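Predicted, not measured: the structure shown is a model, and the values here were computed from it.
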Amino acid sequence: MSKGIRIAKAIRIAFWMLRQEMGSVRTIMGYLLGMTFLALGANDFLRYAMEMREPVNVCETFIVTSNQGMACRLWVLGYLLVIGDAPFVKGNTYMVLYRSGRRVWNAGMLFYVFLQALLYILCLAAVSVAAGIPFGFSGKLWSSPVYMLATAASNAMAEKYHIYFEGAAMMEYMTVFRAFGITFLYMLCYFVFLGVLLYLCSLALGGFWGLAAVSAAHLGGVVLSFAGRLHSSPVYYVDSAGSHWRYPCRMLVFILIMTAVSLVAVKRADI
């Protein structure tokens, strides 16, 4: 079997799994849970903007809300519910394994994890943009309420609605469109990392250990962020030297390492 055929088969397996899973109650509940946590943060930000009596950029709802820290950490819970069935062994998995082989099936499952992370974040981003349309404008310019939020010029108002945005450097070096894109990329890298970790540990050790590993990684990241050692938001890395690319590169290295390990694990796993 040529490499091109194997890749095509892996992609078909991933989309087959996606079609099957998107109709499940668990997946629907995961998306709804993520949107619920998004609504809580977006509501605070939009109420703040309304009280400031100034329009905001429609992209800023996603940027500010996802950089809240705690809000983004809660969004992960919905995604983990979506992919909580890892390593995705279904009734017809054995037939797929027979026809494609373990390595192709493994590549398909990894691509499925990426697809779910991408669709999940796309859904949250689209909902946040739609929520901001009645309150703002489009374009690449930052709004006055977000500028005041970033420069602590509206502390009393921000405390009233429990929001913050340490994005002064981001506003200086990036347009809204670029900030939206880099925020989306950071979230995608983190979600794919957790998804691949869950899949790998569930495949090699069992479902309990997969959830345990993801919980440990996620809670460890929370502790490190409180200690100022590690952040999953780009606002803490943006500068004139392009330091904001370091975090995605680190995540990519971890993802590639786990992908390589999965090639060994899938051969030994009792599927």
Practice task
May I ask you to decide if the ring planes of Y186 and Y237 are parallel, tilted or perpendicular, using 30° and 60° as cut-offs?
Solution key: tilted
Problem - Q116 (side chain) donor-acceptor with V82 (main chain) under 3.5 angstrom - result: no
Problem - Atom CZ of R26 with >12 non-hydrogen neighbours under 6.0 angstrom - result: yes
Practice task
Measure the shortest side-chain to side-chain distance between R103 and R6 over non-hydrogen atoms and say whether it is less than 4.5 angstrom.
Solution key: no
Problem - M35 and C123, any side-chain heavy atoms less than 4.5 Å apart - result: yes
Completion exercise
Between the OG atom in S128 and the CZ atom in F45, the distance rounded to the nearest 0.5 Å is 10.0 Å
Practice task
Verify, without hydrogens or angle tests, whether W105 (side chain) and I13 (backbone) share a donor-acceptor contact under 3.5 angstrom.
Solution key: no
Practice task
Check the hydrophobic clustering (I, L, V, M, F, W, Y; side-chain heavy atoms under 4.5 Å; chains of links allowed) and say if F135 and L40 are grouped together.
Solution key: yes
Problem - Check: L197 and M258 side chains under 4.5 Å, non-hydrogen atoms - result: yes
Problem - Separation of T36 OG1 from L74 CG (nearest 0.5 Å) - result: 11.0 Å
Exercise for the section: Indicate, with yes or no, if V196 and L115 share a hydrophobic cluster defined by side-chain heavy-atom contacts under 4.5 Å among Ile, Leu, Val, Met, Phe, Trp and Tyr. Expected result: yes
Handout entry: Side chains of M52 and Y48 in contact at under 4.5 Å (non-hydrogen atoms)
Key = yes
Handout entry: Enclosure of F111 CZ (heavy-atom neighbours >12, cutoff 6.0 Å)
Key = yes
Completion exercise
Closest heavy-atom pair, V146 versus M171, reported as atoms and distance to 0.1 Å, is O-SD, 3.9 Å
Practice task
Report yes or no: does S202 contribute a side-chain atom to a donor-acceptor pair with the main-chain N or O of Y199 at less than 3.5 Å?
Solution key: no
Problem - For V176 against I63, the heavy-atom pair lying closest together - result: O-CD1, 3.6 Å
Practice task
Using atom types as modelled and distance alone, determine if a side-chain donor or acceptor of Y247 lies under 3.5 Å from a backbone N or O of C189.
Solution key: no
Practice task
Could you label the plane-to-plane angle of the Y31 and Y120 rings as parallel, tilted or perpendicular, counting under 30° as parallel and over 60° as perpendicular?
Solution key: perpendicular
Practice task
Find out whether Y190 and H218 are in side-chain contact, i.e. whether some heavy atom of one side chain is under 4.5 Å from a heavy atom of the other.
Solution key: yes
Handout entry: Nearest-0.5 Å distance, CZ of residue F191 to CG of residue L80
Key = 8.0 Å
Problem - Side chains of F88 and I83 in contact at under 4.5 Å (non-hydrogen atoms) - result: yes
Problem - Contact check, side chains of M187 and F184, non-hydrogen atoms, under 4.5 Å - result: no
Handout entry: Cluster link M29 to F37, ILVMFWY, side chain under 4.5 Å
Key = no
Practice task
Considering non-hydrogen atoms only, spot the tightest contact between Y147 and T151 and give its length.
Solution key: O-OG1, 2.8 Å
Fill in the blank from the handout: Residues G195 and Y79: closest non-hydrogen pair is CA-OH, 3.7 Å
Handout entry: D239 side chain to G242 backbone, donor-acceptor under 3.5 Å
Key = yes
Handout entry: From CG (L124) to CG (L119), nearest 0.5 Å
Key = 11.0 Å
Exercise for the section: Return yes if some donor-acceptor pair links the side-chain N/O of N57 with the main-chain N/O of L141 below 3.5 Å, else return no. Expected result: yes
Exercise for the section: Can you see which heavy atom on S262 is nearest to which on N106, and at what distance? Expected result: OG-ND2, 3.0 Å
Problem - Minimal non-hydrogen separation, V238 against M170, with atom names - result: CG1-CA, 3.9 Å
Exercise for the section: Decide whether L263 and L256 are clustered together by the hydrophobic rule: side chain heavy atoms of Ile, Leu, Val, Met, Phe, Trp, Tyr closer than 4.5 Å, transitively. Expected result: no
Exercise for the section: Step by step, work out the side-chain contact (heavy atoms from CB on, under 4.5 Å) result for T61 and V129. Expected result: CA-CA 7 Å; T61 305; V129 170; over 6 Å; no
Handout entry: Over 12 foreign heavy atoms within 6.0 Å of CE, M50
Key = no
Exercise for the section: Please indicate whether M22 has more than 12 foreign heavy atoms, meaning atoms of other residues, nucleotides or ligands, lying under 6.0 Å from its CE. Expected result: yes
Exercise for the section: Nearest 0.5 Å please: distance from the CD atom of E21 over to the OH atom of Y112. Expected result: 4.0 Å
Practice task
Group every Ile, Leu, Val, Met, Phe, Trp and Tyr by side-chain heavy-atom contacts under 4.5 Å, then state whether Y173 and W245 land in the same group.
Solution key: yes
Practice task
Drop me the distance from L252's CG to F193's CZ, to the nearest 0.5 angstrom.
Solution key: 12.5 Å
